Each structure stands twice: as structure tokens, then as C-alpha cells.
Amino acid sequence: MPEAEPAPTAASDVLPKTYDPVGTEARWQAAWEAAGAFHPDPGAPGEPFAVVIPPPNVTGSLHMGHAFNTALIDTIVRFQRLQGKNVLCLPGTDHASIAVQTILEKQLKAEGTSKDHLGRDAFFERAWAWKAESGGTIVGQLRRLGYSVDWQRERFTLDPGLNRSVVEAFVRLHQQGLIYRGEYLVNWCPASGSAVSDLEVEMKEVEGSLWHLRYPLTPLADEVSAAGAAPASDHPIDHLVVATTRPETMLGDTGVAVNPTDPRYAHLVGRSITLPLVGRLIPIVADAHVDPAFGTGCVKVTPAHDPNDFAIGQRHGLPQITVMAKDGTMNGAAGRFAGLDRFEARKAVVAAMEAEGFLVKVEPHRHSVPYSDRGKVPVEPLLSTQWFVRTESLAERCRTALDHPSGPEPRFVPERWSKVYRDWLTDIRDWCISRQLWWGHRIPAWFVVSETGGVITEATPYLVARTEQEARAQADAQFGADAQLEQDPDVLDTWFSSGLWPFSTLGWPGEGGQEPADLATWYPTSVLVTGFDIIFFWVARMTMLAGAFLQDGEAGGVEQPVGGRTSWMPFRDVYIHGLVRDENNRKMSKSAGNGIDPVLLIERYGADALRFALVREVAGAGQDIRLDYDRQSDTSATVEAARNFANKLFNATRFALMNLGGETPASLGEPVLAELESEDRWILSRLTRTSTQVAEFYGSYRLGEAAKLLYEFAWNDLCDQYIEWAKPRLFGDDAVSQTAARRVLARSLEALLVMLHPLMPHLTEDLWHAVSGAEATEFLALQRWPQPDPDWLDPAHENAFQFGIDAVRAIRNLRALSGVKPSEKLSIGIHTPTADRQAFVVANQEKIGRLVGASDLHWEAEPTSGQLLGLVDSDAQVGLTVPQQSLDALRQRLQKDLAKVDKEIAGLQGRLANPNFAGKAPPEVVAECQANLAEAQAQAELVRGRLGELG
RNA sequence: GCGCGAUUAGCUCAGCGGUAGAGCGCCUGCCUUACAAGCAGGAUGUCGCUGGUUCGAACCCGGCAUCGCGCACCA
């Protein structure tokens, strides 16, 4: 960021009538970044507070989910900064192996070439070029949200530092015996030619078919030679019927299973089937996995192509016959079907079965099929040799931490997600971490290919090392100097590097056994903020990997968090938020094309408005939020309302600048208690209450509540009430009264700007500069949370002032009923026998008169006759003298009031008449009930009197 | 199948034991020298259904219904 960036000019003395976010936002983003405002020093004072942001795909672009996540995180970290914490918020991106490789391969294909033609090195270069070109998009868009992250610490999962972390992690896991290599069924994506993780598999409901196939029993005569012993007796049954949704896999069948308790087939267990089309003899086995009630109760077993069958096969020692190649076509083992694509093969197998009389029937069948998220094709369970992380011991550590005696680690907000997290850590499957791709971290394992004839086979010994030199040295020692090495061609799952994110980005593992300063200061991080959709895949992987690396086992064999920490957990809290749904409550997705572009909304309404709108919608419980949107006009009423709020603040500040006489909060000084008037004391009390409560809300992730409370304070209290009541003083010539009002206004507005800053950072930064006159090098973002004088809190006075508000409303209501022109000044009376209220009315005569358009505002204990009267409560009435009275409207109004109050009386009397209520309810509730009844009865009396006068 | 969440004003949602609120929208009137992206006033609900607990339930407990989500999948 060039230092020469022009210093931001704060809102000038004369502001325009509406706020223009576009220029303002860009200006402050540049100023913050140029000044390094969010580049913290690990040695700085202040309690450390750290957040690492969930790294988006480097080549992606901003969607509403990012905007939402960003709004939440930035609100939290900006609040903590205002609390004086030493805040690090660290940004970055991940390399998204499959996504990027898919894009690149598509490009290459369009150019008439391929990655294999290009070669690995050239392909890698090209991928980096693509990253350089498109990788700036999303970080640029994140900047436009006003994200207060430390861009100087921005990381990328493939950068050299994180590369080192990944290699170190792999090597250490291997040393701990937690990484192994072996041949297992994995989710294979034929489109990308790689294994994929569970995350990248999505179950889709499809209307498929259930093919019922006849599998003939092998005649007994032939069994003898096949099984070596003749079964006890023959039987009329000469075949079994199996059902399948994937008939092409029958070519790889190596058994048929029935339930051991199924009387229909018990006698057949041990006999064999002659597999149609293939001719292979396969045994009938008994396995409890088979549900006798489903279909025919007989299941074909294809261990090499189905996870359940794989397990059955293992239990019964059945061979695994792979009939498919890695590109999804049938292989040599498929006999005459070899070379066909798996879906063509399906048709061909069915046709052949039918032709040979083995097809019994076909039923429509709705079932779910695993689809590759990236390749958009059905995933194929395929046997292949892959690298795995043994997860059980890692998961166990995490489960134990959840039961930590001093509270669960991490702490989930909302709490219910911890259950989901625990479920995922229970009965967890080992994690396949190898990917047959080029764009990613190459696995740091070298095969000693000279031991197996120059090629990599399952039997080839391998060495895991941090560098090729290290591997070479190991090879020399173990296999001699002429051992030939070849690095594993595969790369690691992107989530492997993402799983290290909370510590790799802080410099783990460091140099020479030294803990890096960032890690020392900010690990464990304070909170992880993420959507529930990746809780299993990302959150749990981070906690599992941290458990493996951020502990020492030295102290008497008991593991301890490294560096004397109290916890090795990568984050204290996990704040789970919902999804942003579209105007029809649908999940936004690229394929559905229903995404709402945050950038469009930022351009239309400003980033502050979008952020405020998103956060304001958040309920406490991590629910999804719905964003309304009109696709015809690209407008959103919700965001527009937030934009209007921004404009309201802008104009309130504009008003203040016009009425503070060129002074600032600092030059005006603190309000002097003895000089304060009614509305001063009221707003300061409200301010004190609000600042305490908002801080509580922000601090406990109740961000939506914080936003709503501030909205109300700003609009209702400060603008609608305080400013309106204080106007005569600000405009008037009583210097003492004017100064008092200026002090209170300046103080309240400044505090409001600070409190709103986490939600609307640009606007508040700009307005704060205008109000405070602060230098361009100073930032609101780095100020402190308001510290109102506790003496300002005055609930009794808030109550007393509420009477004023109510009286004004009652008068205005009456005026509206009277039909008198709003511009016409009227003689108005407030009638109350109570001394305090009388004093209030007298003291605020001018202000109230102004608020209600009175030519004359006076107090009288009782109304004089001939007036139009309205009720404040049983103790106060308001009266107007109007030229032509609109008696019908008033009568209707009073009758309505009476009906309401009568209903209330009936309800209260009913309750009080119940002897159980008086006996069992708390006395204060009974007393309140009685007081309400008395009030209601007194009001009814007054209203009846008024109605009587009207005739 | 197992689990989770939702159901409150026309719409989007708060409230989670003392008798219902906000924003938007709506109706009426106002360009009142901060703001028409505004101001003032107003209307609007058998709180999904059904049992129970309680003096008292939108709120707690049990069922049911509808919608949504996650996990597991029966071939």
C-alpha cells in the first residue's frame, strides 16, 4: 500500500444531505491498511485476542456466505480491539486442489492439450500463474467489506511457510505411527481421476431401478470339485434371486450373502452359485448385515466395489475383484464388457442377463447415490492404495477435551453443536489424505524403487522425510548408496493443510526449536467463527491435528500442552453461525444460480449497510438467516433499511456539527451534573445502560441483539427524543443550558459511534473524525469502549421522563383526532394533580410546547370544561382548545379505549378472584396485579366521564 | 431409520413462566431550517394442533402435524 495515499479528509463542516458510502469506504480501507492499523505486535500490551479466518478458495469469488462470516468475525474482532485487547485477525486463502486442477484441465483441453502433455513442472507453473491472476479477486473483495485483518500476515496454504508446516505435520504423524499406506476402498472420482474425501461426496436422491437377477445354484455334482466336499442333501431350489441398483458390478461378485437366521436359505449356506455371464463359482455365505425382510433376502457381494460388501468380504475371506478402471470404464476383469463406460456397461450387462434369461424383473427404485462434489459424477467406491491418517487416537483426545473438568474444550456457541461435533468424533473412519492430483502439497515420501524393479508397487519400501536430502541419507543407510528413490507422485488433501491453519499461520513449527513470537502470543486462538456445514470436516480436523502437535508427552508420559499453556486446543470458542438463504428460503448455490452477489449490494448500499443488515438478522441460536432480494431490480429491503440507518446516523452527526459551535467532545469537556436538564439526565442514563448491555451482547456473540439495541438507542432515544427535546436549548441563547446540551450531545454521539463501529466501521470512522476533529492518522478503530459515569444511571428519572414522552404522544394523538392543521398552534394543557409531574411540566414548558405545536403550553391540576381531552394515564390528562372540535372521532377513540380497559379489568378481576392465585402467586405479583387493576379502573372512570360530557 | 432446528402481526424475525414486541409493509396527515433514505399519528395476532404441569403457559413437559437441515443408509 503506497504511503503517498492522500490523507483521508474527515466529513467537512458542511456535509451533504445524504451519506455516500462508496468513496468513504474505499478511503478508510486504504487509510487503515496504509497505517498498518490492524498489524499487531506480539509484544504489545493488552490481553491477546486472535482469530484466524476460514480460508476461502484462492481462485473463488466472494459469495454471501463469505460476507456473512466476515461481518460476524469483523464485528467480534473490532469490538475486542475497542476493549483494548491485542487483537490479531489473520487472513488467507487455501489452494483448493481439485477445484483449481479441474479449471486448469478444462482450459488445457480447450487449448487442445493436457496436463500429461505439459508435464508436472510446467503444469505447476501454470497453476501458480492462474493463482496469481485470479487469486486477488477474493482478497480484494474481502477488503471491500472493511475486514480489519492484518494483511501483512496474509497466508496461502501453498506458501513456503505453510509448506514447511505440512511437511513437518506429515513427518511427525508418521513418526507417531498415525499415518499408514494401504489398499482400501476409497471414494473415487472418475472425473478428476482422484480419491476424494467424504466432504467432497454428496448424497443425491435419484430415481433408479432395482434389477432382480437370477443366480443359479451350482449343481451338486460340480460342487464337489469346487468346494471339496459335498453338502448334505439336495433341494428343490435351484437358484437365488438377488437385487441390485448397479448390475454392472455383478461382474466382480465373489459371493452371495444371506442372513444366518433366515430359514429360507439356511440350508444353502456353504453351497455355491455359478455367476451368470462370468461362470465363476462363488460361495453363499451367512452374514448378519443382510436384512431378511428387504427384497429377496439375498445380497450379491462385490467386495471391490461397495463398502458394505467390502466388509462382508473381509469377514468371509472373499476375494476382491476390481472390474473397473480409474477412468470409470470396465477393465479386463470385466471380460467381454471391458472398455465400456460404467453406465454403458450397466445397460450391456442388463441386456445380456435378459438375453440369457437371468433377469427376473426390474422395479423403479428411489435411492441415494454418492456424487462427487467437484466432478459432478457418481463417485465410485474403488480399491486403491492410498495414504491414511489413523484417526481414533486423535479423536479420542478431542472427546476427552470435551469432557474437560473445567468446561468443554472447545466451547461451542450455540452449545448444541458440541453434540454434533462429538458424534463426528465417535466411530470416526480413517482419513484418506492422498489425492491423485498435481496441484497441492506433494507427499513427503520417497519410494526405494530399486527394491521392486524400478516401479512403485504396494510392496515398495518407502522413506518419509522432510527433504529429498534427508530421504537420500536414510536410503544410503538402509538400502545402500545405489538405492534409487522416487517421490510419491500424489499430493495431500487440501483439508490436511487447512487442518493446520490455526497454528501453521502463526509460524508453527518455528525454527530450531524456538517458538515463533506469533504462536507464543496468539495460540490458542480465541474463537473460530464458521458455518455449521463444515463443522465435521474442518473444525474436527483442526482439533485432531492440534492434539497431535501442540502437546508434549515428556512430563512423566502425560501429555501436556506445549509451552506451559493451559490448553492445546486451537481455539477457546467455536461460534457456529447459520447460512444465508435466498428470498425464497433456498440455500444459495452456484448450480441453482440463486446466489445474491454481495458486491452488487455493497455498490448499491455500502458495505456497512450490508454488514449491518446481515448481523442484525442473526438470532442467538445460530439459525439460518434469510435475505430478501428483488431479482428484477437487484434491491433488498433489508439492506436498504440498514442503508437508511446509516443515513440517519450521518444526518444526526450533521446536525451535531451544525450545533456544537465548532467544539468537539474533548474541547467541550464532561457534562456537569448540576447543570443538566431533564433530557440530558435521561439520555445519559440510557447511554450508560446501553453501553453496558451492548458490551455484554458483543462479548457473548449475541451480535444481532447488539445491533438491534444500538439501532433503537440511536434512532429512538438519541434522534427522536433527545435531539428533539434539546433543540430549543441548542438553538437558544442561554449559554449555560446550551453548553450543557452540547456536552451531552457530543458525548452521547461519540459514544454511539464507538459502539456502532464494529458493525458499521467505515461510516463511524468517518463521522468520528468529523465530530472529534481527530488527526487523519488517528483511528476510531483503535479507540476505547465508552466509559460512562456510573452516576449517570438513573432509572427513577428515566421513568419520570417517560411521562413527558407519553404526554407528548397523547397530545399529538389528540391533535391528529381533532383534524386541526399540524401547522396551527394551539393552546394546550397538561392536567395532573401530582407535584413531581407538575414540576416536570413547568420546567420543560418550552420544550414540550415546541414538540406538540402549542401556542401556549400550561399546567393545570384539573381540565377546564369545553376542552378536547385525552388520557395519558389515570393520573394525567391532556387537553386542547380547538376552534372546531371533531367530537365523533374523539368519541370513537374513547369508546375503543374503554373497551380495551374494560377487558383488562375483567381479566385482572378474574385472576384476583381466584383464591389459588392470591394464595400461591408471589406477593409482588399479586400486588402488581392489584395496582394494574386500580389503574385500569381509574382510567375507565375518567374515560366514562369524558364520554358522558360528550353526550 | 437416528438426531437437530423451525412453526408468533401481510412479510422477516425477537421474546422462552405474570397475559405479545421490533423492522419492513399498510392506513392518515405533514417538504416542521439534521435527515422525504425523513417526521408525527394509527391499525394489525384464538403465539401450528393437542393433552399435561402450574394460581397463571407463546414460554416448561408429552404426543401430533407441517417445513427445513444433518448423519446413516436396504443390496
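Throughout, protein chains are lettered first and strands after them, A, B, ... in sequence-line order, and every chain is numbered starting at 1. Small disclaimer: the values here were computed from a predicted structure and weren't measured.
Taking the centre of each ring, A/F68 and A/H577 come in below the 6.0 Å mark.
Ion pairing of A/R702 with A/E696 is absent here, as no side-chain N (NZ or NE/NH1/NH2) approaches a carboxylate O to less than 4.0 Å. With salt bridges taken as basic N to acidic carboxylate O contacts below 4.0 Å, none links A/E846 and A/R729. Salt-bridge annotation for A/R366 and A/E205: present, with a side-chain N of the basic residue lying under 4.0 Å from a carboxylate O of the acidic one. Checked for salt-bridge contact, A/K847 and A/E679 meet the test: a charged N lies under 4.0 Å from a carboxylate O. Ionic pairing of A/E363 and A/K361 is present here: one or more N-O contacts between side-chain nitrogen and carboxylate oxygen are shorter than 4.0 angstrom. Comment: A/R604 does not engage A/D634 in a salt bridge, judged by the lack of any side-chain N to carboxylate O separation of less than 4.0 angstrom. We find that A/K900 and A/D897 are not joined by a salt bridge, their nearest charged nitrogen and carboxylate oxygen being 4.0 Å or further apart.
For A/K648 and B/C35, a side-chain-to-base donor-acceptor distance below 3.5 Å is present, hydrogens and geometry of angles not being considered. No N or O donor and acceptor, one from the side chain of A/R812 and one from the base of B/A40, sit under 3.5 Å apart. For A/E724 against B/A34, a side-chain N or O and a base N or O form a donor-acceptor pair under 3.5 Å.
A cation-pi arrangement is present between A/R616 and A/Y711 under the rule of less than 6.0 angstrom and at most 45 degrees off the ring axis.
Of the candidates B/A37, B/C30, B/C35, B/C30 carries the atom nearest the A/P822 side chain, counting heavy atoms from C-beta on. Residue A/K708 places its side chain closer to B/A14 than to any other of B/A14, B/A34, B/C39. In this structure, of B/A34, B/G42, B/C69, it is B/C69 that holds the atom nearest to the side chain of A/R581. In the set B/G5, B/A75, B/G42, B/G5 carries the atom at the smallest distance from any side-chain atom of A/R416. Closest to the side chain of A/E617, out of B/G23, B/A34, B/U12, is B/U12. Here the side chain of A/R616 is nearest to one of B/G41, B/C39, B/G23, namely B/G23. Checked against B/A6, B/C13, B/C55, the side chain of A/P922 finds its nearest nucleotide in B/C55. Closest to the side chain of A/R643, from the set B/A72, B/A37, B/G5, is B/A37. Checking B/G38, B/A34, B/C13 against the side-chain heavy atoms of A/R626 singles out B/C13 as nearest.
Among the protein residues, A/Y711 comes within range of the sugar-phosphate backbone only, with heavy atoms under 4.0 Å from sugar or phosphate atoms but none that close to a base. Here A/W211 lies out of heavy-atom contact (under 4.0 Å) with every strand. Using a 4.0 Å heavy-atom distance criterion, A/D720 is classed as a sugar-phosphate-only contact. Residue contacts for A/R604: at a heavy-atom cut-off of 4.0 Å it reaches no nucleic acid atom on any strand shown. Here A/K821 lies out of heavy-atom contact (under 4.0 Å) with every strand. If you check every strand for non-hydrogen atoms under 4.0 Å, A/E924 touches nothing. Using a 4.0 Å heavy-atom cutoff across all strands shown, A/C929 reaches no nucleic acid atom at all. A/K896 comes within 4.0 angstrom of the backbone, heavy atoms only, and of no base. The residue A/H365 sits close only to the backbone: its heavy atoms come under 4.0 Å of sugar-phosphate atoms, none of a base. Counting non-hydrogen atoms under 4.0 angstrom, A/R246 reaches nothing in the nucleic acid. Contacts of A/V290 with the nucleic acid, taken as non-hydrogen atoms under 4.0 Å apart, include base atoms. Among the atoms of the strands shown, only primed sugar atoms or phosphate atoms (P, OP1, OP2) are found under 4.0 Å from some heavy atom of A/R809.
Between A/K17 and B/A36, a side-chain N or O to OP1/OP2 separation shorter than 4.0 Å is present. OP1 or OP2 of B/G42 lies within a sub-4.0 Å distance of a side-chain N or O belonging to A/N813.
Taking atom P on both B/C59 and B/U8, the two are 13 Å apart, rounded to the nearest angstrom. Taking the P atom of each, B/C60 and B/A6 are spaced 10 Å apart, rounded to whole Å. Using P as the reference atom, B/G51 and B/G10 are 25 Å apart when rounded to the nearest Å. Between B/G45 and B/C39, the two P atoms lie 26 Å apart (nearest whole Å). Separating the P atom of B/C61 from that of B/C16 is a span of 14 Å, rounded to the nearest Å. Rounded to whole Å, the separation between the P atoms of B/G62 and B/U53 comes to 15 Å. Taking the C1' atoms as reference points, B/A37 lies 25 Å from B/U44, given to the whole Å. Separating the C1' atom of B/G41 from that of B/C11 is a span of 23 Å, rounded to the nearest Å.
Residue pairs meeting the side chain to side chain donor-acceptor pair (under 3.5 Å) criterion with at least one partner in residues 924-936 of chain A, sequence neighbours excluded, are A/S874-A/E935, A/E935-A/Q939.
A/W424 has its CH2 atom 19 Å from the C1' atom of B/C2, to the nearest Å.
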Dot-bracket pairing map - RNA chain B, Watson-Crick plus G-U, both contacts under 3.5 Å, | cross-strand:
(((((((..((((....[..)))).(((((.......))))).....(((((..]....))))))))))))....
